[in-house]
**Q** 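Take this structure, written in structure tokens, and hold onto it; I'll ask about it next.
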Amino acid sequence: MTDPRPVIASIRDGRGLDGPGAALIAQGLADGSVSDAQAGAFAMAVLTKGVGTKGRVALTRAMRDSGHVLQWDLPGPVLDKHSTGGIGDTVSLVLAPLLAARGCFVPMISGRGLGHTGGTLDKLEAIPGFVCEQPEEDLRRIIRQVGCAIVSPTVDVVPADRRLYAIRDESGTVESIDLITASILSKKLAAGLDALVLDVKAGSGAILKKPDSAARLAQALVETANGAGCPTAALITDMDQPLARSAGNALEVAEAIRVLRGEAGALRDLTLALAAECLALAGQPVEGLEATLDNGAAAEVFGRMVAAQGGPRDLLDRPEAHLRAAPVVRPVPASEGRVGRIDVTALGHAVLALGGGRVRAGERIDHSVGLDGMAKLGEPVGPDRPLAMVHAADDTAAEIAIVAVQAAYALGDAAPGPLVRDRITA
């Protein structure tokens, strides 16, 4: 069968999607034999009727196989993690070297930020000389020598998703759980993983703000990944406050380095929880993870990864010499009280307005700007304890950000909820 119309009609009429139909659609998306009109009709049929677990598995596998799939022969498990995105979420920069320091291998294919959540690659590109675009032979060399690499996808990885992603935006089908699941997992599974852990955010700074929506996505992701042959679990985690104290590319890299050096806080706690989950999925021992951070082993791997991807060899020892600082740093004044509520998405938009993110793909960003020292729920603030520090390109941008951050915080008596809200397994 080479005509996609019967496949689209089958989904439209509630008969679902099978393996051959998914393969036809995915290959047609990749090679152009499926037209834009047919791709839009396919996406709308999936949105309105759904394809169920079997259909998601079939579509995920077909999209994965529409391009190059990495295969490995390494003396340890190949692991990775995916986050649905949040503010101050710099877990990848700590998790990848932490797992590598435990004898695992992490070929982390990541993305750039768009909208209010930051991208892992943007953060790493705040490091002078760091190269995210690595040819496969260089990626393989870095993985063998260092144990981890964080890179952008090459053009031959999941070409079906690259096209369908744009079609979803144009056809109003972005919110389809089935299409979101296949998009996320096809790219991750193309890395040839032995296990995957998912961090699905819920709360005011998350893409999915309601816990039940996050739970539905987490369940779909876990069922689909396991059905496609990759042992996977998900943690549903809190995004009613920023994960870390910083939001902004260079500032987040600096905070990740401090965590690699042993600094306590939610970023460390969540990284340890996700690492333990990933190791357990791969049948690896989880004892001693904290020591791997505290004894500097993970930091040493991070430093080697940065150097292997073109960054400075002494970044860990002299981050302030390499990470560009914003010319204007101003406190955000607060009335006396305790933090009772945070509009975390608004904090993300404040960073965007400073120039620290992008609204449209391809826009240039200022790696130096952002927020740090952000107050968390339940913490005291006042004349001597600002809500945050604004790092800006000029005084005007700083004043605008100060007003935005003040509007994002409300005083009250609310206490923070648990960092990990739920755990989803197969």
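The analysis underlying the following values was restricted to heavy atoms, covering all of them including side chains, and did not include hydrogens, waters or symmetry mates.
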**Q** Between H367 (side chain) and D122 (backbone), is there a donor-acceptor pair under 3.5 Å?
**A**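 Looks like yes, one N/O pair under 3.5 Å.
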**Q** Are R140 and W72 in a cation-pi contact, defined as NZ or CZ under 6.0 Å from the six-membered ring centre and within 45° of the axis?
**A**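 Satisfied, under 6.0 Å and within 45°.
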**Q** Do V381 and R338 have side-chain heavy atoms sitting under 4.5 Å apart?
**A**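 No, every pair of side-chain atoms sits at 4.5 Å or beyond.
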**Q** Which pair of non-hydrogen atoms, one from K209 and one from S204, has the smallest distance, and what is that distance?
**A**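 Taking every non-hydrogen atom into account, NZ-O, 3.1 Å.
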**Q** To the nearest 0.5 Å, tell me how far T271 OG1 sits from R268 CZ.
**A**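 If we round to the nearest 0.5 Å, T271:OG1 and R268:CZ are 9.5 Å apart.
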**Q** Donor-acceptor pair, distance only, cut-off 3.5 Å: does the side chain of Q27 make one with the backbone of A23?
**A**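 No.
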**Q** Is the closest basic N to carboxylate O distance between R421 and D240 below 4.0 Å?
**A**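 Between D240 and R421 there is a salt bridge, with a charged N closer than 4.0 Å to a carboxylate O.
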**Q** Looking at E125 and C132, would you say the former's side chain and the latter's main chain have a donor-acceptor pair under 3.5 Å?
**A**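 No; judged by distance alone, with no hydrogens or angles, the pair does not exist.
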**Q** Considering only NZ, NE, NH1 and NH2 on the basic side and carboxylate oxygens on the acidic side, decide whether R141 and E137 come within less than 4.0 Å.
**A**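 Here R141 does not pair with E137 in a salt bridge, since their nearest N and O are not under 4.0 Å apart.
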**Q** Could you pull out the closest heavy-atom pair between S92 and P97, with the gap in Å?
**A**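 Nearest pair, atom of S92 first, then P97: O-CD, 4.1 Å.
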**Q** Is there a donor-acceptor pair closer than 3.5 Å between any side-chain N or O of N226 and the backbone N or O of T232?
**A**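 Checking the backbone N and O of T232 against the side chain of N226, a donor-acceptor pair under 3.5 Å is found.
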**Q** Test side-chain contact (heavy atoms from CB on, under 4.5 Å) on T90 and E255; report intermediate values, then the result.
**A** CA-CA 8 Å; T90 320; E255 185 160 1; 5.9 Å; no
**Q** F302 versus L315: any side-chain heavy-atom pair under 4.5 Å?
**A**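 Yes, at least one pair of side-chain atoms sits under 4.5 Å.
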**Q** Would you please test H68 and T154 for side-chain contact (heavy atoms from CB on, under 4.5 Å) and show each step?
**A** CA-CA 9 Å; H68 182 54; T154 58; 6.0 Å; no
**Q** Is a salt bridge present between D317 and R261, judged by a nitrogen-to-oxygen distance below 4.0 Å?
**A**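 Looking at D317 and R261, the cut-off is met.
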**Q** Just by modelled atom types, is the V51 backbone N or O under 3.5 Å from a matching donor or acceptor in the D178 side chain?
**A**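 Side chain of D178 to backbone of V51, a donor-acceptor pair under 3.5 Å: yes, one is there.
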**Q** Working to the nearest 0.5 Å, report the span between CG of L316 and CD1 of I257.
**A**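 Nearest 0.5 Å value for the CG-CD1 distance: 5.5 Å.
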**Q** State, yes or no, whether a side-chain contact exists between L47 and F42 at a heavy-atom distance under 4.5 Å.
**A**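 No, their side chains stay 4.5 Å or more apart.
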**Q** What's the spacing between L189 CG and L196 CG if we round to 0.5 Å?
**A**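 Output value for this atom pair is 7.0 Å.
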**Q** Less than 4.0 angstrom from a charged side-chain N to a carboxylate O is my criterion; do E175 and R168 meet it?
**A**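 No, E175 and R168 are not salt-bridged.
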**Q** Show the nearest heavy-atom pair for residues I87 and A247, with the distance to one decimal.
**A**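 Shortest heavy-atom contact: CG2-CB, 3.7 Å.
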**Q** Are any side-chain N or O atoms of T224 and backbone N or O atoms of T60, one a donor and one an acceptor, separated by less than 3.5 Å?
**A**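 No; judged by distance alone, with no hydrogens or angles, the pair does not exist.
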**Q** In Å, rounded to the nearest 0.5 Å, how long is the span from NE2 of H349 to CG of L354?
**A**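 It comes to 13.0 Å.
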**Q** Show the nearest heavy-atom pair for residues A282 and L79, with the distance to one decimal.
**A**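 Closest approach of A282 to L79, heavy atoms only: CB-CD2, 3.6 Å.
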**Q** Answer whether the closest heavy-atom distance between the side chains of E223 and V57 falls below 4.5 Å.
**A**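 In short, these two side chains do not touch, never coming nearer than 4.5 Å.
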**Q** Is it the case that atom CZ in R313 sees more than 12 heavy atoms from other parts of the structure closer than 6.0 Å?
**A**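 Count not over threshold, so no.
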**Q** Has K376 got more than 12 heavy atoms of other residues, nucleotides or ligands less than 6.0 Å from its NZ?
**A**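 Yes.
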**Q** Give a yes or no answer on whether the side chain of S183 reaches the backbone of I180 with a donor-acceptor pair at less than 3.5 Å.
**A**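 Checking the backbone N and O of I180 against the side chain of S183, no donor-acceptor pair under 3.5 Å is found.
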**Q** Any chance you could lay out the side-chain contact (heavy atoms from CB on, under 4.5 Å) test for L17 and L59, step after step, and finish with the verdict?
**A** CA-CA 8 Å; L17 177 68; L59 183 59; 4.0 Å; yes
**Q** A side-chain contact here means heavy atoms from C-beta on lying under 4.5 Å apart; do Q284 and P77 qualify?
**A**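 Yes, their side chains come closer than 4.5 Å.
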**Q** Around atom CD of Q71, are there more than 12 heavy atoms of other residues, nucleotides or ligands at under 6.0 Å?
**A**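 Not buried by this count: 12 neighbours or fewer within 6.0 Å.
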**Q** Before giving the answer on side-chain contact (heavy atoms from CB on, under 4.5 Å), spell out for C148 and V301 the whole-Å C-alpha distance, their side-chain angles and the decisive distance to 0.1 Å.
**A** CA-CA 8 Å; C148 64; V301 172; 3.8 Å; yes
**Q** In plain terms, say whether D36 and R163 are close enough for a salt bridge, that is, a side-chain N and a carboxylate O under 4.0 Å apart.
**A**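 Looking at D36 and R163, the cut-off is met.
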**Q** Which pair of non-hydrogen atoms, one from V286 and one from A280, has the smallest distance, and what is that distance?
**A**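 In terms of heavy atoms, the two residues are closest at CG1-N, 4.0 Å.
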**Q** Can any side-chain N or O of Q309 pair as donor or acceptor with the backbone N or O of V131 at less than 3.5 Å?
**A**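 Such a contact is found between Q309 side chain and V131 backbone.
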**Q** Are the side chains of P383 and E336 in contact, using a 4.5 Å heavy-atom criterion?
**A**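 A side-chain contact under 4.5 Å exists here.
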**Q** Just by distance, do the side chain of S176 and the backbone of T173 share a donor-acceptor pair under 3.5 Å?
**A**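 No, S176 side chain to T173 backbone: no donor-acceptor pair under 3.5 Å.
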**Q** Within the structure provided, determine whether T120 and I150 are in side-chain contact (heavy-atom separation under 4.5 Å).
**A**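 A side-chain contact exists here, since the closest heavy-atom pair is under 4.5 Å.
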**Q** Measure the spacing between CE of M374 and CG of L387 and express it to the nearest 0.5 Å.
**A**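 With rounding to 0.5 Å, CE (M374) is 11.5 Å from CG (L387).
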**Q** May I ask you to decide if A220's main-chain N or O and T181's side chain share a donor-acceptor pair within less than 3.5 Å?
**A**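 No, because the side chain of T181 does not come within donor-acceptor range (under 3.5 Å) of the backbone of A220.
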**Q** Is the shortest side-chain heavy-atom distance between K81 and C278 below 4.5 Å?
**A**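 Result no, sub-4.5 Å side-chain heavy-atom pair not found.
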**Q** Does atom CG of D413 have more than 12 heavy-atom neighbours from other groups under 6.0 Å away?
**A**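 Count not over threshold, so no.
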**Q** Does the distance from a Lys or Arg side-chain N to an Asp or Glu carboxylate O, for D372 and R245, drop under 4.0 Å?
**A**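 So D372 does not pair with R245 through a salt bridge.
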**Q** Looking at every heavy atom in both V405 and A388, which two are closest together, and how far apart are they?
**A**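 V405 and A388 have their closest heavy atoms at CG1-CB, 4.4 Å.
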**Q** Flag the pair R324 and D366 as a salt bridge only when some basic side-chain nitrogen lies within less than 4.0 angstrom of an acidic carboxylate oxygen.
**A**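 Result for this pair is yes, salt bridge flagged.
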**Q** Run the salt-bridge test on D89 and K201 with the 4.0 Å N-O cut-off and return the result as yes or no.
**A**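 Answer for the salt bridge query: yes.
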**Q** Do R358 and E363 sit within salt-bridge range, that is, some charged N less than 4.0 Å from a carboxylate O?
**A**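 Salt bridge: no.
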**Q** Measuring from I402:CD1 to Q406:CD, what's the distance to the nearest 0.5 Å?
**A**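 Atom-to-atom, I402:CD1 and Q406:CD are 7.0 Å apart.
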**Q** Is it true that E379 and R385 have a side-chain N and a carboxylate O under 4.0 angstrom from each other?
**A**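 No, this pair does not count.
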